[in-house]
Amino acid sequence: MTSLKARPRKTVDDFMKLPEGARAELIEGEIFMSPSPKARHQRVGMNLTVELTGFIRLGNAGQLLAAPCDVHLPSGDIVQPDLIFVSTRNQGIIQDWIRGVPDLLVEIVSPDAPERDRIVKRRLYERNGVPEYWIVDPQEGSVEVLSLKAGAYASHGFFEKADTVTSPSIPGLSLPVASLLA
């Protein structure tokens, strides 16, 4: 009789041994490596960065950071969201990396592994108390905004190309989806 041995869970120490700049995440004891994003993914990321940075700076609302930037969540998981917003009142979590819970995380859905952003990371961010999570899907032409209510994500809105996306974490923000997904 043969038995299958479970792979040992990876730890933060294992993760920290990876080369600097590695596109990797530690989720539930497993290290996920990713190639660099494809051109469309990067264009959407740049559009989001330009639009969000302008608004955030204008209102001195906080800081926007982009991948690759490790976010060390309270659960011990380490992720590299596409965009990370940390409000002015929450700046203490910005250290060598982000250590704690950002106000908003944005993931641009990869067509090669959509379940990671839509299911795995959604559950992970919800469990860690991330107040707002955007799932940006260039293929579908949509931005889904989730807001944490009583420990669970509720839909703030599902915005398509003709819509204007708003954010509960960044009051007054109003961005045309079409310009983000161009």
Side-chain angles (χ1 to χ4, degrees), residues 4-49 51-52 64-85 97-98 101-148 152-161 163 165 167 169 175 177-178 180-182:
L4 296 175
K5 291 186 179 180
R7 288 189 293 183
R9 291 178 59 87
K10 299 295 182 183
T11 66
V12 172
D13 288 338
D14 295 324
F15 184 85
M16 299 311 292
K17 291 175 185 169
L18 295 172
E20 185 174 340
R23 294 203 36 90
E25 298 177 299
L26 175 65
I27 300 174
E28 297 178 353
E30 189 168 339
I31 293 176
F32 294 91
M33 302 290 289
S34 300
S36 65
K38 294 179 181 169
R40 183 163 189 206
H41 185 119
Q42 291 195 29
R43 276 195 313 273
V44 170
M46 288 300 298
N47 292 343
L48 281 158
T49 300
E51 295 288 340
L52 285 168
L64 186 71
L65 298 124
C69 180
D70 293 344
V71 176
H72 293 245
L73 295 167
S75 61
D77 297 287
I78 303 171
V79 291
Q80 289 186 358
D82 290 297
L83 293 173
I84 306 148
F85 170 67
W97 292 285
I98 307 297
V101 179
D103 298 87
L104 164 64
L105 294 178
V106 177
E107 295 285 1
I108 301 166
V109 175
S110 167
D112 299 329
E115 66 283 349
R116 188 175 307 164
D117 297 323
R118 294 194 177 282
I119 299 168
V120 176
K121 287 189 174 180
R122 177 184 173 147
R123 287 184 192 148
L124 179 66
Y125 297 163
E126 183 177 66
R127 191 172 64 243
N128 279 276
V130 175
E132 186 173 340
Y133 177 39
W134 291 17
I135 302 171
V136 179
D137 192 331
Q139 309 307 110
E140 286 188 10
S142 65
V143 178
E144 183 176 8
V145 177
L146 301 168
S147 180
L148 199 64
Y153 278 134
S155 177
H156 172 73
F158 185 86
F159 304 93
E160 296 178 305
K161 282 190 178 181
D163 300 326
V165 68
S167 165
S169 296
L175 302 173
V177 174
L180 302 176
L181 300 177

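- Taking CG from Leu52 and CG from Leu83, the interatomic distance works out to 6.5 Å, rounded to the nearest 0.5 Å.
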Just list the side-chain donor-acceptor pairs under 3.5 Å for residues 104-114, sequence neighbours left out, or say none.
from, atom 1, to, atom 2, distance (Å)
Glu107, OE2, Lys121, NZ, 2.9
Glu107, OE2, Tyr125, OH, 2.7
Ser110, OG, Asp112, N, 3.3
Asp112, OD2, Lys38, NZ, 3.4

Residues 29-37 side chain polar contacts: donor-acceptor under 3.5 Å, at least two apart:
none

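- Listed by first and then second residue, the salt bridge (charged side-chain N to carboxylate O under 4.0 Å, His left out) pairs involving residues 127-136 are Glu28-Arg127, Asp77-Arg127 (not counting sequence neighbours).
- The neighbour count for Met46 CE, taken as heavy atoms of other residues, nucleotides or ligands under 6.0 Å away, does not exceed 12.
- Taking CH2 from Trp134 and OG from Ser169, the interatomic distance works out to 9.5 Å, rounded to the nearest 0.5 Å.
- His72 pairs by the ring pair (Phe, Tyr, Trp, His ring centres under 6.0 Å) definition with Trp97, not counting sequence neighbours.
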Checklist entry - Hey, mind stepping through Val130 and Leu148 against side-chain contact (heavy atoms from CB on, under 4.5 Å) and telling me if it holds? => result CA-CA 7 Å; Val130 175; Leu148 199 64; over 6 Å; no
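- Taking the side chain as every heavy atom from C-beta outward, Leu181 and Val136 approach each other to under 4.5 Å.
- Counting heavy atoms from C-beta outward, Asp117 and Tyr133 have side chains that approach closer than 4.5 Å.
- Residues Pro102 and Phe85 fail the side-chain proximity criterion, which asks for heavy atoms closer than 4.5 Å.
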Item to check | Candidate pair Val177 and Ser142, rule side-chain contact (heavy atoms from CB on, under 4.5 Å), full reasoning | outcome: CA-CA 7 Å; Val177 174; Ser142 65; over 6 Å; no
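- Counting only distance, with no hydrogens or angles, the side chain of Glu25 and the backbone of Gln80 share a donor-acceptor pair below 3.5 Å.
- Residues satisfying the salt bridge (charged side-chain N to carboxylate O under 4.0 Å, His left out) criterion with Asp103, sequence neighbours excluded, are Arg89.
- A side-chain donor from one of Asn128 and Ser75 sits under 3.5 Å from a side-chain acceptor of the other.
- Side-chain contact between Ser155 and Val145 is absent, with no heavy atoms from C-beta onward closer than 4.5 Å.
- With contacts defined as side-chain heavy-atom distances shorter than 4.5 Å, the pair Asp70/Ile98 does not qualify.
- For residues 12-23, every residue pair satisfying the side chain to side chain donor-acceptor pair (under 3.5 Å) rule, not counting sequence neighbours, is listed here: Thr11-Asp14.
- In plain terms, the two heavy atoms of Cys69 and Pro81 that are nearest each other are O-CD, 4.2 Å.
- Residues Leu73 and Val79 are in side-chain contact: their nearest non-hydrogen atoms beyond the backbone lie under 4.5 Å apart.
- Expressed to the nearest 0.5 Å, how far CG of Asp82 lies from CD of Gln42 amounts to 9.5 Å.
- Considering only heavy atoms from C-beta on, Val44 stays 4.5 Å or farther from Leu180 through its side chain.
- Residues Val101 and Gly129 approach most closely at CG1-O, 3.4 Å, considering heavy atoms.
- Leu175 is not listed as a side-chain neighbour of Ser167, based on a closest heavy-atom distance of 4.5 Å or more.
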Next on the checklist: With side-chain contact (heavy atoms from CB on, under 4.5 Å) as the criterion, how do Tyr153 and Ser147 come out once you've worked through the C-alpha distance, each side chain's angles and the decisive distance to 0.1 Å?
Outcome noted: CA-CA 5 Å; Tyr153 278 134; Ser147 180; 5.7 Å; no
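- We find the CE-CG distance between Met16 and Leu26 to be 10.5 Å, quoted to the nearest 0.5 Å.
- The CG atom of Leu146 sits 4.5 Å away from the CD atom of Glu144 when rounded to the nearest 0.5 Å.
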